[in-house]
Amino acid sequence: IEGMIGKRVDFFAYPNGEPGDFNLEITERLKQASYRAALTAVQGTVTSGDDLFCLKRKGIETDSSAGLSGRFSKAVFESELCGLYDMIFMRAKRL
């Protein structure tokens, strides 16, 4: 890929990306190949201290990030990406 685009590739996305699609041996090989991080398809929010070679993803759907108007909201989108939206929703569910 680097030869085709003429640029360094720092990040890797596991094909399929489910937990059975990567393991310690594979993450070690990616580190040896000088990748900086790798993305899985595991849903979740990345937090400080997470393994950079097992990064989770946040699914954004067509109806995600809608504000009160039902249209796209940059503020809702940003709160979803950083995990704030989930944190508020989880707290609301516990109340």
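Start at 1 with the first residue, then count along the sequence.
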Measure the [atom1]-[atom2] distance between [X] and [Y] for me, rounded to the nearest 0.5 Å.
| X | Y | atom1 | atom2 | answer |
| --- | --- | --- | --- | --- |
| Phe12 | Thr27 | CZ | OG1 | 11.0 Å |
| Leu52 | Tyr35 | CG | OH | 15.5 Å |
| Arg36 | Phe53 | CZ | CZ | 9.5 Å |

(Q) Could you check whether atom CD1 of Ile1 has more than 12 heavy atoms from other residues, nucleotides or ligands sitting under 6.0 Å from it? (A) no

Q: For residues Leu30 and Tyr14, determine if any side-chain heavy atom of one lies less than 4.5 Å from a side-chain heavy atom of the other.
A: yes

Q: State, with a plain yes or no, whether a side-chain heavy atom of Pro19 is found less than 4.5 Å away from one of Val42.
A: yes

Q | Co-membership, hydrophobic cluster, residues Phe22 and Phe11, 4.5 Å side-chain | A | no

Q.
Do Val46 and Leu84 land in one hydrophobic cluster if side-chain heavy atoms of ILVMFWY residues count as linked below 4.5 Å?
A. no

(Q) Please give me the minimum heavy-atom distance between Ala41 and Glu18, naming the atom from each residue. (A) CB-OE2, 3.8 Å

Q | Least distance between heavy atoms, Gly17 atom then Asp21 atom | A | N-OD2, 3.3 Å

Any donor and acceptor pair, going by atom type alone, linking the side chain of [X] with main-chain N or O of [Y] inside 3.5 Å?
| X | Y | answer |
| --- | --- | --- |
| Glu2 | Arg8 | no |
| Asn23 | Glu25 | yes |
| Thr40 | Leu55 | yes |

Q: Fit a plane to each ring of Phe77 and Phe72, take the angle between them on a 0 to 90° scale, and name the class: parallel (under 30°), tilted (30 to 60°) or perpendicular (over 60°).
A: tilted

